[in-house]
Amino acid sequence: MAIDLLQGLNPAQREAVETIQGPLLILAGPGSGKTRVIAHRVAYLVKVCGVRPHSIMAVTFTNKAAREMRERIFHLLGQTVEDISVGTFHALCARILRIDGEHIGLGKAFVIYDGEDQLSLVKRSMEEVGVDPKNFAPKAIHSAIGAAKSQLLGPQEHAHHRQTYFDEIVQRVYRHYEELLAQSKAVDFDDLLLKTVRLFQLHPSALQKYQSRYLYILVDEFQDTNLVQYVLAKLLAQKHRNICVVGDPDQSIYSWRYADLRNILNFEKDYPDAKVVYLEQNYRSTQTILEAAHHLISANVHRKEKGLWTENEVGIPLAVKEAYNEEEEAHFVVSEVDRLVKEEKHGLKDFAIMYRTNAQSRALEEVFLRYGIPYRLVGALRFYERREVKDIIAYLRLIHNPYDDVSLAKVINVPSRGIGQKTLVELTGFAKAHSVPLYTALQMITEGLKTKGTTEGEKPYTSLSPRIAVALESFLSILNELIGKSQEQNIVRLLDTLLEQIGFRTYLLGMPDGEERWENIMELRATAGECEHLPPEEGLSAFLEGVMLVSDVDNLDEKADAVTLITLHQAKGLEFPIVFIVGMEEGLLPHIRSFDDPAQMEEERRLCYVGITRAKERVYLVRAFRRSFTGTNRPNLPSRFLADIPSRLIASSFGGEQHPKVEARTPSRVPAKPVFKAGDKVRHAKFGDGIVVSCIPSGDDQEVTVSFKGEARLRRLLLSFAPLEKLA
DNA sequence: CGAAAGGCTCTTTTT
DNA sequence: GAGCCTTTCG
């Protein structure tokens with residue numbers, strides 16, 4: 001059976017799988033079968049070396065990668081390996097802290113704050129510490145705190161490093177921010193890692209427990225780890241020293257999240273006995289794509305040369321295209337997708353459109369929508385970040401842990417119960433004066449109001465009007481009732497009770513896009529179903545943790561036949577037969593913010609490299625001559641990265657085109673006669689039957705507006721794309 | 001108190 | 001262009 005697990009692996013891959021003892025560094029180029037090697041390695045450990053899955057930890061970059069790894073291992077072993085610890089650093093740390101956090105004063109019910117929660121807490125901290133947001137951007141302070149935490153610097157340590165006035169300000173906000181977090185029984189994203197390190201440093205017994213447990217530790221995407229993660233891995237592996245890290249310095253794209261390339265570059269210094277394995281054979285891309293990528297990345301000065309090669313065929317040249325503006329760029333992409341689907345029988349899931357910034361997705365979406373081509377958008381407005389979803393999650397968090405100030409402030413007036421800005425300021429002020437969480441402040445105030453007539457005491461809260469007092473009390477009693485219910489009802493029932501109690505459905509339906517918002521809530525409810533079988537409190541806790549730690553790629557549905565719209569960052573680790581990179585312009589890719597920093601410029605180049613190397617068969621590099629930024633519309637130069645790809649690798653038919661605007665948009669073309677007229681009955685393959693509202697020539701095409709049966713809104717379709725059939 | 005309107009700023013990437 | 005904040009009015 002050892003033979004089974006090694007079969008089909010090349011010598012380097014084999015070595016990576018078989019090298020079990022001691023530190024191991026796997027330098028894996030794109031498409032070199034890295035995921036496969038990792039899965040085989042784990043399977044090998046279990047099956048051949050007889051290691052208990054319980055003793056293995058594998059850290060992945062996303063939850064999706066974790067799930068895939070489980071699946072692959074299951075496939076290889078033919079048995080489930082539930083026991084194995086697979087997950088992101090954040091998820092694994094959350095689990096450790098749930099169990100052993102009490103050693104460092106963390107209760108079981110701590111909530112996790114995401115970026116948005118962090119920012120609102122930073123704002124509150126600034127307010128209470130007396131820092132004017134006009135002088136210092138909350139975002140900048142937020143990011144400085146994140147930087148500190150990623151480098152293991154608490155407020156005390158940060159104080160020693162402070163140099164500028166800004167640092168001084170950060171230090172003050174940071175210290176109070178930590179107090180507020182503690183008061184709210186909350187940890188932020190960075191804390192999940194930092195607090196785990198603290199736990200290990202302060203409580204050797206806890207560290208020992210995990211050190212003894214994990215005989216084998218594996219960290220994927222090691223080039224994107226930051227100092228905390230590095231220290232964490234080091235601590236955990238200290239006892240058995242069986243640490244295997246996998247990565248590729250050329251694909252390091254998260255320095256802005258304080259990832260430190262030195263972690264991978266200095267691994268051999270830290271572990272002098274480390275074995276190094278190079279995975280250099282690429283199984284993914286054509287020779288042409290690989291060669292283009294190689295030329296691109298070679299322009300970076302700070303890198304280790306690798307000898308990537310492939311046995312794949314030469315393939316076809318990269319297509320470089322200049323469009324007039326972003327709209328035409330999108331049109332070009334969509335028409336190429338359509339052409340390839342028709343001519344080469346590709347499925348829509350074979351295509352990915354990648355871009356530098358989320359904002360770029362909009363122009364693409366509009367056109368995809370118009371042509372009726374299904375797409376899935378990764379990121380941008382994520383499901384869990386929609387307002388209504390966040391509101392309900394905030395309620396659930398509050399039920400789970402009523403001391404969660406950020407959540408309480410967010411929902412105290414949702415739906416409106418007459419508790420406005422002024423009241424909130426007063427409440428917060430009261431809480432601050434007594435150094436208590438908002439929930440406690442609420443209790444004190446409502447208690448105080450009740451006993452007002454009987455006992456005379458100091459009452460800083462008498463300024464509250466009776467009307468508001470009633471509102472506060474009713475909010476508090478709803479909350480308390482729900483907290484009671486959370487002990488007995490499973491998560492789904494609790495959610496229903498909550499929605500009912502606060503009249504959320506009526507509230508949502510009364511606002512624009514109400515139906516869609518309510519549907520989102522129902523989708524959330526469906527997700528909660530996964531935790532329905534758990535005992536009430538556990539279910540709530542598990543659900544919240546799942547919700548907080550998922551990323552958008554995690555939900556990427558592989559089976560759906562749709563084009564993928566995704567940022568270059570999120571595309572890391574994925575592959576597609578056909579890749580379009582749009583916005584190949586100076587200022588966008590490379591991004592303008594990298595212009596004055598050579599190190600950042602190198603990262604932009606790596607980002608482009610990551611994009612190109614996602615492709616198996618075809619790469620399109622598309623740019624727009626003009627692009628509207630924020631209201632302003634300005635011309636952009638072609639990306640410098642285009643010049644780094646030898647022209648012999650680029651399709652000539654696309655190379656010379658200059659300004660296709662003239663050809664595509666002039667109205668001089670004789671419009672074809674409208675095929676449909678208003679009132680015609682039509683049938684669409686996907687949308688069903690409908691009635692034509694209008695049919696207008698558009699370029700050399702026709703735009704048909706149709707009202708489909710059972711749909712409230714009208715759809716605008718382009719005739720040449722939409723499969724419309726006229727009914728008698 | 002809350003909705004609406006007007007003015008301001010800042011524009012990257014996300015576990 | 002949007003998101004955030006402030007102002008204004010009902």
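So you know, we letter chains A, B, ... as the sequences are listed, proteins then strands, and number each from 1. Because the structure is predicted, anything quoted here is derived from the model rather than measured.
- The shortest distance between the side-chain N/O atoms of A:N358 and the OP1/OP2 oxygens of B:dT11 is not below 4.0 Å.
- Comparing B:dT14, B:dT11, B:dA3 by their closest approach to the side chain of A:R257 singles out B:dT14.
- Considering only heavy atoms from C-beta on, A:V622 stays 4.5 Å or farther from A:E585 through its side chain.
- Comparing B:dT14, B:dA3, B:dC1 by their nearest atom to the side chain of A:S416 picks out B:dA3.
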Test log, rule ring-ring contact (aromatic ring centres under 6.0 Å, His included), inputs A:Y210 and A:F200: CA-CA 9 Å; A:Y210 291 98; A:F200 289 162; 5.8 Å; yes
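- The shortest distance between the side-chain N/O atoms of A:S628 and the OP1/OP2 oxygens of C:dG1 is not below 4.0 Å.
- Nucleotides C:dC4 and B:dT13 have their P atoms positioned 15 Å apart, rounded to a whole Å.
- For A:T567 and B:dT14, the shortest distance from a side-chain N or O to OP1 or OP2 is below 4.0 Å.
- Between A:Q570 and B:dT13 there is no side-chain N or O to OP1 or OP2 distance below 4.0 Å.
- For A:D114 and B:dT14, the CG to P distance is 14 Å, given to the nearest whole Å.
- For A:W256 and B:dT13, the ring-to-base geometry satisfies the stacking test (centroid distance below 5.5 Å, interplanar angle below 30°).
- Across the protein-nucleic acid pair, A:I592 atom CD1 and B:dT13 atom P stand 15 Å apart, rounded to whole Å.
- Cation-pi geometry between A:R640 and A:F595 is met: the NZ or CZ atom falls under 6.0 Å from the ring centre, inside 45° of the normal.
- The distance from atom CE of A:M354 to atom P of B:dT13 is 16 Å, rounded to the nearest whole Å.
- Looking at heavy-atom distances under 4.0 Å, A:R362 makes contact with sugar-phosphate atoms alone, never a base.
- In this structure, A:I38 CD1 and A:M69 CE are separated by 5.0 Å, a value rounded to the nearest 0.5 Å.
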